[in-house]
Amino acid sequence: MDAALFQYTPEFRRSQLEGILTDCVLVYSKISSTRKDLENNENKIRDAIEEYLADDNYKDHYTSTVKFFQVDAEVREGENGRTDIRFLQVIPYQGQKVYFTIECKRLDGKAFLSKEYVTHGIERFKDEKKYATPLGCNAMMGFIVRTLNVDDTCNTINTHLTAHEYLAKMHEELPDGCYKFESKHLLEGTITLLHLWLDFTACIEKSKE
């Protein structure tokens, strides 16, 4: 079997995305351990993560998957979208249309942000005029900015999805403050979204001191 063909299977693409999210968890742990002050602002939190992921020195020494990607923030996408973080594969180079997208949203356990997570997050991946899904899988990062019940917040988000769509918790060992979910959606076939929630409450509360 041609190994070059095998590496581009859906299973391989998913493993690449899983690797990217694992590297994001490492960045989260680094930010949390240094108690870096953060504003309660989606873009500011995203930029704190992207700063590490886009730094070539950090990527080469501390990441397992992101080192093989060009990392961009606030990239124009489709007719009506602007992706928060884009991971463009550069080895081997496959052009500007082959990449993973991560959309970032805040979560505080309240109804408004839970609904925004769906209407201005998940739904964008189901509209090809906003977010393309050339690899069949992308991700969302939920920034927890206030103490909340993770299961209750997940259930609230699910009430805004259709009957056959829902966030399913992934049971794997993760550092404290990290949670992963998976959801599947229809757009000319099934697309997969992986969801990584990161608890930045302590950093945000410290910034208020």
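All residue numbers in this chain count up from 1 along the given sequence.
- Atoms NZ and CZ, from K59 and F69 in turn, are 10.0 Å apart once rounded to the nearest 0.5 Å.
- Hydrophobic cluster membership of Y166, counting Ile, Leu, Val, Met, Phe, Trp and Tyr whose side-chain heavy atoms lie under 4.5 Å apart directly or via other members: none, as it forms a cluster of its own.
- Listed by first then second residue, pairs satisfying ring pair (Phe, Tyr, Trp, His ring centres under 6.0 Å) with a partner in residues 21-42 read Y28-F200, not counting sequence neighbours.
- A side-chain donor-acceptor contact under 3.5 Å links N158 to the backbone of L167.
- The closest side-chain heavy-atom distance from I122 to E165 is not below 4.5 Å.
- Connection of I85 to Y52 is established within a shared hydrophobic cluster, with ILVMFWY side chains joined at heavy-atom distances below 4.5 Å, either directly or through further cluster members.
- Within 6.0 Å of CG in D176 there are 12 or fewer heavy atoms belonging to other residues, nucleotides or ligands.
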request  = For side chain to side chain contact (heavy atoms under 4.5 Å, CB included), just list the numbers for D199 and V150, CA-CA rounded to whole Å, side-chain angles, deciding distance to a tenth of an Å, and then say yes or no.
outcome  = CA-CA 10 Å; D199 190 347; V150 171; over 6 Å; no
request  = Check step by step if side chain to side chain contact (heavy atoms under 4.5 Å, CB included) holds for I49 and L198.
outcome  = CA-CA 11 Å; I49 295 174; L198 305 171; 4.1 Å; yes
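- With values rounded to the nearest 0.5 angstrom, Q70 atom CD is found 12.5 Å from Y99 atom OH.
- For residues 15-28, the salt bridge (Lys or Arg N to Asp or Glu O under 4.0 Å) pairs, not counting sequence neighbours, are R14-E18, E18-K180.
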key: Full working for side chain to side chain contact (heavy atoms under 4.5 Å, CB included) between V118 and L161   = CA-CA 7 Å; V118 176; L161 296 173; 3.8 Å; yes
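- Residue T65 holds its OG1 atom at 11.0 Å from CG of L53, rounded to the nearest 0.5 Å.
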Would you be so kind as to tabulate the donor-acceptor pairs closer than 3.5 Å made by side chains of residues 103-111, with sequence neighbours excluded?
residue, atom, partner, partner atom, Å
E103, OE1, Y131, OH, 2.5
E103, OE2, K105, NZ, 2.4
E103, OE2, R124, NH1, 3.3
K105, NZ, H120, O, 3.2
R106, NH1, N40, OD1, 2.9
D108, OD1, K110, N, 2.9

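- The aromatic rings of Y117 and W197 lie perpendicular to each other, with more than 60° between the two planes, well past the 30° mark.
- Across S32 and C203, no two heavy atoms sit closer than the pair CA-SG, 4.2 Å.
- Contact annotation: the side chain of L194 never approaches that of C137 to less than 4.5 Å [non-hydrogen atoms, C-beta and beyond].
- Contact detail for F143 and R46: the closest heavy-atom pair is CE1-N, 3.8 Å.
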key: Working for side chain to side chain contact (heavy atoms under 4.5 Å, CB included), residues F125 and T101   = CA-CA 9 Å; F125 291 100; T101 293; 3.9 Å; yes
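- Note that the CG atom of L196 and the CD1 atom of I102 stand 8.0 Å from one another [nearest 0.5 Å].
- Interatomic distance, CG of L21 versus CE of M140, reported as 12.0 Å (0.5 Å rounding).
- Residues H160 and T119 bring no donor and acceptor atom of their side chains to less than 3.5 Å of each other.
- The minimum heavy-atom distance between V71 and E50, with the atom names listed, is O-OE2, 4.0 Å.
- Between the side chain of S15 and the backbone N or O of F12 there is at least one donor-acceptor pair closer than 3.5 Å.
- Contact between L17 and A139 at its shortest, heavy atoms only, is CD1-CB, 4.1 Å.
- Taking Y179 as the reference, nothing meets the ring pair (Phe, Tyr, Trp, His ring centres under 6.0 Å) condition, with sequence neighbours excluded.
- Residues V145 and I45 have side chains in contact (heavy-atom distance under 4.5 Å, counting atoms from C-beta outward).
- In this structure, H195 NE2 and M170 CE are separated by 10.0 Å, a value rounded to the nearest 0.5 Å.
- What you find for L38 and K44 is that their closest heavy atoms are CD2-O, 4.5 Å.
- Legend: salt bridge (Lys or Arg N to Asp or Glu O under 4.0 Å) pairs involving residues 149-163, not counting sequence neighbours, sorted by first then second residue: D151-K169.
- Looking at every heavy atom in both residues, K30 comes nearest to Y58 through CD-CE1, 4.0 Å.
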